[in-house]
Number of protein chains: 2
Amino acid sequence: MREGGFHGFSFREIAADVGIKSASVHHHFPTKEDLAAAAARAYADRHMAALGDPDDPERAPADLIPLYVDLFRRALVEDRRMCLCGVLATEASALPPGVNAEARAFFERNLAWLESVVARAAPGARPRDIEAQALRIAAMLEGAMLVAHSLGDIDAFETAVLELSETLSLGSAKME
Amino acid sequence: MREGGFHGFSFREIAADVGIKSASVHHHFPTKEDLAAAAARAYADRHMAALGDPDDPERAPADLIPLYVDLFRRALVEDRRMCLCGVLATEASALPPGVNAEARAFFERNLAWLESVVARAAPGARPRDIEAQALRIAAMLEGAMLVAHSLGDIDAFETAVLELSETLSLGSAKME
DNA sequence: ACCTGAACACCGTTCAAGT
DNA sequence: ACCTGAACACCGTTCAAGT
């Protein structure tokens, strides 16, 4: 699913991997929508668990953005794959509603996490600017993964993302 | 294809639209790889033609980045769709080689165009920094489209991309 | 509760046959 | 050169039948 998207895998493949018949898979996940939504939800849960509490006073906000970048980097470098919800995002308009909802929830949870971190890093910033900065970070990471994945060039990810890890809140507080 | 990716459309659909049988489509495009590669190439050609010459002395580099941003904005707003090659990029590892090659070529052509514009805007910049800036612009636009498309919120694209149109070469010349 | 084989309408692809 | 119907192995889904 992370490689071929919603239509890039089949019930019969999964059944063969698990050692049952495809009709049996439908007993656990009645439709492909159910199965893909569950996979997206599990992916998002693991992703958010790896990020941890954005308001943890033990962790400086200046360390949390590099940690965020690193989570995406590892997904791309170690798995040599896109972000699952990034793949689903591009297919949004052709996805069953339940799958689309889980992909959207992934981004909403990511943005909420980033907004918490950016707010801590730039205490005086306006809510509007905090939201904008969170959106830019999430968009840059998904875009950097996407382009690097297409070019087959992991360095492209590093290059695109370098600015983010270096200068955390480039304009979050001082934006006009 | 822009909605469901490589597996999101069928020869039989296309045949019905055109008024022939699906076997006849194979006469023009022997395989789905041929058809999708041709579509990606045509998309990239139209895209690059809309951008025009990045070195045209009649057009200031400061005007060309907003023009670039606007091309992606219109794709998202008017068509309510992702960039075709952005969709294909996320499916890269599951794509037939010929399709993958055309998607990659789209990004290479975009990066070359952006590098020309950035080089004109920051004449003293090092090649390494010019490439990095071009990569960031392309990644930010694809990522902003992807996130906005998943959220179903076009304003998210505008917000993420605002910084790009405002301050063209934020760090292209002064990057360390 | 969990699994299965068989059937349904779909899919890309091939091919012999038509004009 | 362009089209077609028929066949192939695939796909998601359903369902009656098994344990």
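Note that the coordinates shown come from a computational prediction; the quantities given were computed from them, not determined experimentally. For the numbers below, each heavy atom of this structure counts, side chains included, while hydrogens, waters and symmetry mates do not.
Residues B:Glu91 and B:Asn100 are not in side-chain contact: their nearest non-hydrogen atoms beyond the backbone lie 4.5 Å or more apart. In this structure, A:Thr159 and B:Glu131 have side chains that are not in contact, with every pair of non-hydrogen atoms separated by 4.5 Å or more. The shortest distance between side-chain heavy atoms of B:Leu88 and B:Met1 falls below 4.5 Å. Side-chain contact between A:Arg81 and A:Val87: absent, with no pair of heavy atoms (C-beta onward) separated by less than 4.5 Å. The closest side-chain heavy-atom distance from B:Leu64 to B:Trp113 is below 4.5 Å. Counting only heavy atoms from C-beta outward, the side chains of B:Leu141 and B:Leu164 approach each other to under 4.5 Å. Looking at heavy atoms from C-beta onward, A:Glu33 lies in side-chain contact with A:Pro97 at the 4.5 angstrom threshold.
Scanning residues 96-104 of chain A for heavy-atom distances under 4.0 Å to DNA chain C yields an empty list. Near DNA chain C, defined here as any heavy-atom distance below 4.0 Å, there are no residues from residues 29-42 of chain A.
One hydrophobic cluster, built from ILVMFWY side chains closer than 4.5 Å, cannot hold both B:Ile154 and B:Met140; they sit in different ones. A continuous path of hydrophobic side-chain contacts links B:Val117 to B:Leu67 [ILVMFWY only; heavy atoms under 4.5 Å].
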Between protein and nucleic acid, restricted to nucleotides 3-6 of chain C and to nitrogen or oxygen atoms under 3.5 Å apart, what atom pairs and distances do you find?
{"residue": "C:dC3", "atom": "OP2", "partner": "A:His28", "partner atom": "NE2", "Å": "2.6"}
{"residue": "C:dT4", "atom": "OP2", "partner": "A:Lys21", "partner atom": "N", "Å": "2.7"}
{"residue": "C:dT4", "atom": "OP2", "partner": "A:Ser24", "partner atom": "OG", "Å": "3.0"}

Could you run down the sub-3.5 Å N/O contacts of the protein with nucleotides 16-19 of chain C?
none

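B:Glu158 and B:Arg73 are joined by a salt bridge, as a carboxylate oxygen and a charged side-chain nitrogen come within less than 4.0 angstrom of each other.
Contact annotation for B:Phe9: backbone-only contact, meaning every heavy-atom pair under 4.0 Å involves sugar-phosphate atoms and none involves a base.
The distance between atom CZ of B:Arg12 and atom P of D:dC10, rounded to the nearest whole Å, is 15 Å. Between the NE2 atom of A:His7 and the P atom of D:dG12 there is a distance of 9 Å, given to the nearest Å. The nearest whole Å value for the distance from the CG atom in B:Leu95 to the P atom in C:dG12 is 15 Å. Rounded to whole angstrom, the span from the CZ atom of B:Phe11 across to the C1' atom of D:dA7 amounts to 17 Å.
Of the N and O atoms on the side chains of A:His28 and A:Asp34, not one donor lies less than 3.5 Å from an acceptor on the other residue.
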Which nucleotides of DNA chain C pair, in dot-bracket form (Watson-Crick or G-U under 3.5 Å, | meaning another strand): ||.|||||...|||||.||
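Legend: residues meeting side chain to side chain contact (heavy atoms under 4.5 Å, CB included) with A:Ala50, ordered by chain and number and at least two apart, are A:Leu71.
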Chi angles and distances behind the salt bridge (charged side-chain N to carboxylate O under 4.0 Å, His left out) call for B:Asp45, B:Arg109: CA-CA 10 Å; B:Asp45 286 346; B:Arg109 294 166 76 183; 2.9 Å; yes
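The cationic group of A:Lys32 lies under 6.0 Å from the six-membered ring centre of A:Phe9 and within 45° of the ring axis, placing it in a cation-pi geometry.
Side-chain atoms of A:Glu142 do not come within 3.5 Å of backbone N or O of A:Ala139 as any donor-acceptor pair.
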